[in-house]
Amino acid sequence: MTDVRPAVSVDGHRDGSESAVSAQHTTGSVLHTLFHSEQGGHEQVVLCQDRETGLKAVIAIHSTALGPALGGTRFHAYASEEDPEEAAVRDALNLARGMSYKNALAGLDHGGGKAVIIGDPEQHKTEALLEAYGRFVASLGGRYVTACDVGTYVQDMDVVSRTCRWTTGRSPENGGAGDSSVLTAFGVYQGMRASAKHLWGDASLRGRKVGVAGVGKVGRHLVGHLLDEGAEVLVTDVRPEAVEHITAAHPEVTAVADTDALIRTEGLDVYAPCALGGALNDETVAVLTAKVVCGAANNQLAHPGVEKDLADRGVLYAPDYVVNSGGVIQVADELHGFDFARAKAKAEKIHDTTLAIFERAAADGVPPAVAADRIAEQRMAQARRAVGGN
């Protein structure tokens with residue numbers, strides 16, 4: 001039987017023996033991030049290994065102040081200049097921290113966590129490996145609840161759930177909510193309506209010109225919401241078949257050659273990045289014609305300071321981890337016996353949350369991304385004080 005004890009654990013709630021072990025196996029730069037940088041402060045990091053299946057995984061728990069940590073499992077090869085294992089740990093740390101903020105602003109009773117399985121999912125993913133991974137998650141006793149992320153899908157969570165009860169994002173046939181892109185898109189749509197309300201005094205998007213970059217599962221649903229409200233929609237995607245699927249279903253949609261052409265479109269009101277991260281950088285911000293940026297992509301700001309550049313140019317930025325939280329709202333509801341109407345009602349509140357962030361930003365004289373961080377940190381701090389934590 002697979003040994004489900006963590007190979008290494010850095011744990012803020014246990015004795016120092018395990019921390020000493022981890023120091024022998026984790027590089028100094030990652031430990032510096034964990035213990036000394038503003039990006040650290042994580043409660044626990046678990047390194048997992050099962051040689052029989054080839055599993056190598058990292059589980060990072062940033063905070064449980066609001067409840068059990070909730071976040072997806074990424075399956076990725078990490079081909080980078082630095083050591084792949086170190087890159088995986090660093091990614092898990094960053095992603096887990098982001099989930100704490102996302103869950104806090106989504107109004108969920110969950111902290112933030114994230115897991116990474118190291119390897120190429122096309123080559124290394126097997127049911128035995130996923131079951132071994134599930135046993136490691138189960139060994140945490142509910143401190144971490146997992147779901148889908150890049151490289152993992154609903155069917156994978158069905159396999160993980162065989163050995164771990166703390167698994168969400170499962171198929172409806174296995175008691176889950178299924179594809180979370182529906183509520184992710186709905187939440188982005190609510191954030192977009194809030195942006196319109198704040199900037200133009202009317203939440204309606206009727207007649208607004210909206211450019212959507214990336215029309216996969218989430219982008220496709222978002223286009224549907226926009227068309228239903230009477231917006232003028234332009235789309236682009238690196239995959240021609242994705243654009244063809246949209247234009248075939250909705251001939252009124254305009255296809256644009258690429259993202260560069262989209263963001264330069266004259267008269268564009270809203271830009272919705274719904275593909276890869278880093279969409280907002282020095283070059284794109286300089287030529288962006290839209291007055292609002294609100295999309296589903298994660299980590300849209302390429303580097304610190306971009307949010308200020310947007311504000312200086314008069315562009316209203318709806319923080320990505322706020323407006324794209326419909327998916328995590330959906331998988332969190334699954335833990336209580338999934339009810340779509342209940343989850344949708346919670347995702348609809350993204351509208352009010354986004355408005356509150358804009359109001360806080362104006363009051364504090366800071367960009368919305370900074371205001372969002374402050375609101376999330378305040379909620380987590382209040383939760384820690386309520387239980388007498390530090």
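What you are looking at is a predicted structure, and each value in this text was computed from that prediction instead of being measured. When a residue number appears, it is its place in the shown sequence, counting from 1.
With sequence neighbours excluded, the residues satisfying side-chain hydrogen bond (donor to acceptor under 3.5 Å, both in side chains) with Asn281 are Thr284. The salt bridge (Lys or Arg N to Asp or Glu O under 4.0 Å) test applied to Asp312 returns Lys308, not counting sequence neighbours. Taking Arg379 as the reference, Asp109 meet the salt bridge (Lys or Arg N to Asp or Glu O under 4.0 Å) condition, with sequence neighbours excluded. Scored by the side-chain hydrogen bond (donor to acceptor under 3.5 Å, both in side chains) test, Thr353 finds no partners at all (sequence neighbours excluded). By the side-chain hydrogen bond (donor to acceptor under 3.5 Å, both in side chains) test, Glu131 pairs with Arg162, sequence neighbours left out.
Separating the OG1 atom in Thr254 from the CD1 atom in Ile246 is a distance of 12.5 Å, to the nearest 0.5 Å. Expressed to the nearest 0.5 Å, how far CZ of Arg208 lies from CZ of Arg193 amounts to 13.0 Å. Atom NE2 of His62 sits about 9.0 Å away from atom CG of Leu93, to the nearest 0.5 Å. Expressed to the nearest 0.5 Å, how far NZ of Lys349 lies from NZ of Lys346 amounts to 6.0 Å.
In terms of modelled atom types and a separation under 3.5 Å, the side chain of Asp269 and the main chain of Lys209 share a donor-acceptor contact. No donor-acceptor distance shorter than 3.5 angstrom exists from the side chain of Tyr271 to the backbone of Thr289, with no hydrogens or angles considered. Here the side chain of Asp50 pairs no donor or acceptor atom with the backbone of Ala132 at under 3.5 angstrom. A donor-acceptor distance shorter than 3.5 angstrom exists from the side chain of Glu334 to the backbone of Ala177, with no hydrogens or angles considered. Of the possible donor and acceptor atoms, none in the side chain of Asn94 sits under 3.5 Å from a partner among the backbone N and O of Asp91. Checked by atom type and distance alone, the side chain of Thr152 never pairs as donor or acceptor with a backbone atom of Cys148 at under 3.5 Å. Between the side chain of Thr64 and the backbone N or O of Gly111, no donor-acceptor pair lies under 3.5 Å. A donor-acceptor contact shorter than 3.5 Å links the side chain of His124 to the backbone of Asp120.
For Asp179 and Ser181, the side-chain atoms include at least one donor-acceptor pair closer than 3.5 Å. Tyr189 and Glu229 share a side-chain donor-acceptor pair at under 3.5 Å. Looking only at atom types and distance, the side chain of Asp373 has a donor-acceptor partner in the side chain of Tyr321 under 3.5 Å away.
Both Leu227 and Val215 are members of a single hydrophobic cluster when ILVMFWY side chains are connected at heavy-atom separations under 4.5 Å. Tracing side-chain contacts under 4.5 Å through hydrophobic residues (I, L, V, M, F, W, Y), one reaches Leu140 starting from Leu130; they form part of the same cluster. The hydrophobic clustering, which links ILVMFWY residues whose side-chain heavy atoms are closer than 4.5 Å, places Val154 and Val331 apart. Residues Leu310 and Leu262 fall within the same hydrophobic cluster, defined by Ile, Leu, Val, Met, Phe, Trp and Tyr side chains chained together at heavy-atom separations under 4.5 Å.
Applying the ring pair (Phe, Tyr, Trp, His ring centres under 6.0 Å) test to every pair with at least one member in residues 331-364, sequence neighbours left out, gives these pairs: His198-Phe358.
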For this session: Could you give me the CA-CA distance, side-chain angles and deciding distance for Asp149 and Lys114, then say whether salt bridge (charged side-chain N to carboxylate O under 4.0 Å, His left out) is met?
Result: CA-CA 9 Å; Asp149 196 76; Lys114 206 78 170 188; 2.9 Å; yes
For this session: Run the numbers on Arg90 and Glu86 for salt bridge (charged side-chain N to carboxylate O under 4.0 Å, His left out), then give the verdict.
Result: CA-CA 6 Å; Arg90 191 181 310 283; Glu86 180 173 347; 2.8 Å; yes
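Taking the six-membered ring where the residue is Trp, the centroids of Phe186 and His221 are separated by 6.0 Å or more.
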